[in-house]
Amino acid sequence: MCWRRLDDGARHAEVGKPMEVVRVRFAPSPTGYLHVGGARTALYNWLFARHHRGVFILRIEDTDVDRSKPELTTAILDSMTWLGLNWDEGPFYQSQRLERYRQMAAELERLGHAYPCFCSPEELQAKRAQAEAQKRPWKYDGACRNLTEAERARRRAEGRPHAIRFRVPESGQTSFEDRVFGLLEVEHRDLEDFVLLRSDGHPTYHLGVVADDLDMRVTHVIRGADHISNTPKQLLMYRALGAPEPVFAHLPLILGPDKQRLSKRHGATSVGAYRDQGTLPEALVNFLALLGWTPPAGKEILPLEEMIQAFELETVSKSNAVFDVEKLAWMNSEYLRSLPVERLLPLVEEELEKAGIGSWVSGVGNRQPAVLNRQSTEGLKHTVRLLQTRARTLKDFPGAFRAFFTDEFEYDPEAQKKFWKDAQLPELLETLSGRLARVEPFTLAATEQCLRGLAEEKNVKAGLLINATRVALTGQAVAPGLFEVMVELGRERVVARLHRAAEFLRARLAGRAGATP
RNA sequence: GGCGCUAUCGUCUAGGGGUUAGGACGUCAGAUUCUCAAUCUGAAAACCCGGGUUCGAUUCCCGGUAGCGCUACCA
């Protein structure tokens, strides 16, 4: 088997330097949803692969039978796809390669680098607990390390279950050059004889990764810094097998605001949760990319192409980074604002549908939105364009902007408090409603003239009327320019809503008067 | 506890033996105005501590401290 493909001369593009196809992998375990930390690891792998025109492999590490769930694999794949992190090979499942791991364990045993261990988990746990109680450092004591062949045979004959452990040399050290962290080194005496194969025949992580990375001809292992201390163990395995070693690059961890490892306690941690909150995938990708890496030019909003072009492992930061939700929110609004309407529209439609606002009337062949007015797609596009600059997330459309899509909306209490204080309002709004009914044509200039005229006549500030009208039309204190809103909604709706607001206000006054003796 | 890694504004970071230590998010103030967002202007805000090397360290070295990681028949 050839580990690295160095086929023909065509690959020797650079003089004296054989060009090797870069092969990287992302290897999540289906014991949870895709965490943003995992997503960033996946992203960096993906960027590295694309930068080098290499291969990005997806592998599911489901060797922990108790904790792995197939649904989670699906969820992870969905999140990857949503983020746009397409893979070239896989997904491969470790659970389908068990035979291969047993083979490799046997091979290591044959070479004298591994041995069967008959200690039961209970025994080990007891020993560990005891050591801990006496505050002695614990490390596997090697009880089975030097059993004679006869002793092993006897235990096997007794039918005692056994695991396979790797035989770590008792002296010396293992070092490697990490592409992010530089030279890293550990003393063998600080390592224990770790388990390769569990007594149930399932591989542990160490066996699984090494076997797979070898078989899949992975050239660069890019993963979280929590694996730094595992690397020497794996290196020991490569060396024991006489196999070529991949390059290692470890990524700093992502922390919560309290500098603790990011977890559910901090709120949303999964990619899916951000999608559900109305985050755009390109915003999340951009944000994640900048968490631990800065492009040479220092640009913050970075198109994917530029990211691929500029990405280098060597410029990845070594220190952990706090996940700043505020900055992500800012970035999301940046992306939302600059997204072409053609792309934004379907996303908005989806949100409206989810919120039960746009029930879709399926026509012949194409779907027609049944929102406000039975707006045409063009109309909807116009509305979306109007609201786009003010949106923070996709959820704003069915949320704060609801009144643009349906007549069923409520008056925000805060908005009422702020702009519906003046006692003359019911009358003013009613009058305005009546006048707007006759304004011709119903344009930006004409509606503005009408409103300002009324304000002057009644000797009130235009702002008072404008703000009150905004609440009447949208239920919100925040919306686009009022006259744009009017034109957008159309005369009929504006007139009706003003009338409705006037009545609402009158009722509110009456209610109050009744409540106060 | 043992081993390892890391350390620049609140946060993400740039920088690097001599700098007014730069940018971004956030915060505050102002401009604009019909609200908000956007935009523009401005402000406050950082080199963990102690030694050493050096004419000079935030930068290099050592120690401390803190944080994080690993310390499983989890990954």
Side-chain angles (χ1 to χ4, degrees), chain A residues 27-32 61-64 66-68 94 117 119-121 124-125 128 131-132 135-140 161-165 178 181-182 184-187 189-192 194-206 208-209 223-233 250 252-253 255 257 259-261 287 290-294 296 298-301 317-331 333 337 387-392 400 415 418-419 448 451-452 461-471 474 476-483:
Chain A
S29 70
T31 53
E61 307 211 329
D62 54 353
T63 53
D64 184 340
D66 297 332
R67 299 197 304 147
S68 296
Q94 289 193 322
C117 170
C119 303
S120 73
L124 293 168
Q125 191 124 28
R128 192 177 307 124
E132 220 161 279
K135 296 221 279 219
R136 272 187 295 114
W138 161 260
K139 152 180 149 174
Y140 173 66
H162 67 274
I164 303 291
R165 285 184 186 266
D178 188 280
F181 286 89
L184 262 19
E185 184 176 67
V186 287
E187 297 289 334
R189 76 173 87 90
D190 293 324
L191 263 29
E192 67 172 4
F194 53 95
V195 171
L196 296 172
L197 203 62
R198 293 189 256 254
S199 43
D200 66 0
H202 282 271
T204 62
Y205 171 67
H206 299 294
V209 247
R223 61 193 351 177
D226 45 345
H227 289 295
I228 286 181
S229 356
N230 291 328
T231 309
K233 296 180 194 167
H250 289 92
L253 268 20
L255 311 177
K259 308 272 178 115
Q260 299 282 308
R261 200 171 177 168
F287 175 73
L290 261 40
L291 222 50
W293 174 70
T294 320
K299 260 174 78 174
E300 301 277 334
I301 302 288
S317 159
K318 289 196 272 244
S319 43
N320 295 344
V322 172
F323 191 91
D324 183 2
V325 207
E326 285 301 317
K327 187 158 184 177
L328 171 59
W330 164 77
M331 197 162 275
S333 64
R337 196 175 320 134
L387 299 169
Q388 196 175 3
T389 55
R390 267 158 254 259
R392 293 281 278 179
K418 199 169 170 193
F419 295 127
E448 177 156 12
L451 183 142
R452 289 191 189 274
K461 282 167 81 179
L464 173 81
L465 198 49
I466 288 174
N467 289 325
T469 303
R470 172 174 298 105
V471 181
T474 67
Q476 299 290 318
V478 177
L482 183 68
F483 305 104

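Computed over heavy atoms, backbone and side chain alike; hydrogens, waters and symmetry mates excluded. A, B, ... follow the sequence lines: proteins, then strands. Residue 1 opens every chain.
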So, is [X] near the phosphate of [N], with a side-chain N or O under 4.0 Å from OP1 or OP2?
X       : N      : value
R390(A) : A38(B) : no
T63(A)  : A75(B) : yes
R165(A) : C73(B) : yes

All ring-ring contact (aromatic ring centres under 6.0 Å, His included) counterparts of [X], not counting sequence neighbours:
X       : answer
F323(A) : Y274(A), F287(A)
Y205(A) : H227(A)
H162(A) : F118(A)

Closest to the [X] side chain, choosing from [options]:
X       : options                : result
S317(A) : U13(B), U6(B), G26(B)  : U13(B)
V322(A) : C34(B), A75(B), C12(B) : C12(B)
E300(A) : G23(B), U6(B), U11(B)  : G23(B)
D190(A) : C34(B), G2(B), A24(B)  : G2(B)
N467(A) : U35(B), G26(B), U6(B)  : U35(B)
V478(A) : C34(B), U35(B), A75(B) : U35(B)
R337(A) : A38(B), A24(B), G1(B)  : A38(B)
E326(A) : C25(B), A75(B), A14(B) : C25(B)
S319(A) : C73(B), U6(B), C12(B)  : U6(B)
S199(A) : A75(B), U6(B), C73(B)  : C73(B)

Reckon [X] touches a base, only the sugar-phosphate, or nothing at all at heavy-atom distances under 4.0 Å?
X       : value
W293(A) : nothing
P28(A)  : nothing
Q125(A) : nothing
F483(A) : base
C119(A) : base
G292(A) : sugar-phosphate
L184(A) : sugar-phosphate
G298(A) : nothing
D66(A)  : nothing
A321(A) : sugar-phosphate
K318(A) : sugar-phosphate

Quick test: give all pairs of protein nitrogen or oxygen and nucleotides 64-69 of chain B nitrogen or oxygen below 3.5 Å, distance rounded to 0.1 Å.
| residue | atom | partner | partner atom | Å |
| --- | --- | --- | --- | --- |
| C68(B) | OP1 | Q260(A) | OE1 | 3.3 |
| C68(B) | OP1 | Q260(A) | NE2 | 2.2 |
| C68(B) | O2' | N320(A) | ND2 | 3.0 |

Electrostatic pair K327(A)-E300(A), nearest N-O below 4.0 angstrom |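 Judged by the 4.0 Å cut-off on N to carboxylate O distance, K327(A) and E300(A) do form a salt bridge.
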
Please list, chain by chain and in numerical order, all residues satisfying salt bridge (Lys or Arg N to Asp or Glu O under 4.0 Å) with [X], sequence neighbours excluded.
X       : value
K318(A) : none
E132(A) : none
R128(A) : none
R261(A) : D226(A)

Take the protein atom [atom1] of [X] and the nucleotide atom [atom2] of [N], then report the distance between them rounded to whole Å.
X       : N      : atom1 : atom2 : answer
R223(A) : C5(B)  : CZ    : P     : 16 Å
R392(A) : C25(B) : CZ    : P     : 11 Å
E132(A) : G1(B)  : CD    : C1'   : 9 Å
D324(A) : U11(B) : CG    : C1'   : 5 Å
I301(A) : A38(B) : CD1   : P     : 13 Å
L290(A) : G23(B) : CG    : P     : 17 Å

According to the Watson-Crick and G-U wobble definitions, with both distances under 3.5 Å, which nucleotide is paired to [N]?
N      : result
A43(B) : U27(B)
A72(B) : none
C36(B) : none
U59(B) : none
U20(B) : none
C5(B)  : G67(B)

- Query: Can you check whether V471(A)'s main-chain N or O pairs, donor with acceptor, with T474(A)'s side chain at less than 3.5 Å?
  - Reply: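 Such a contact is absent between T474(A) side chain and V471(A) backbone.
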
Suppose you measure atom [atom1] in [N] against the same atom in [M]; what distance do you get, rounded to whole Å?
N      : M      : atom1 : result
A45(B) : C9(B)  : P     : 14 Å
U71(B) : C60(B) : C1'   : 33 Å
A14(B) : G4(B)  : C1'   : 28 Å
G26(B) : C40(B) : P     : 13 Å

Review point. Would you say the side chain of R390(A) lies within less than 4.5 Å of the side chain of P480(A), judging by non-hydrogen atoms?
Key: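 P480(A) vs R390(A): side chains touch.
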
Query - Side-chain heavy-atom pair I164(A), V195(A) within 4.5 angstrom cut-off - result: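 Not in contact.
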
Under 3.5 Å, N/O pairs linking protein and nucleotides 42-44 of chain B:
none

Under 6.0 Å from the ring centre and within 45 degrees of the ring axis: does the NZ or CZ of R470(A) meet both conditions for the six-membered ring of F419(A)?
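Because its charged atom misses either the 6.0 Å distance or the 45° angle limit, R470(A) does not stack over F419(A).
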
### Message
Please determine whether the number of non-hydrogen atoms from other residues, nucleotides or ligands lying under 6.0 Å from atom CD of E187(A) exceeds 12.
### Response
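Buried by this count: over 12 neighbours within 6.0 Å.
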
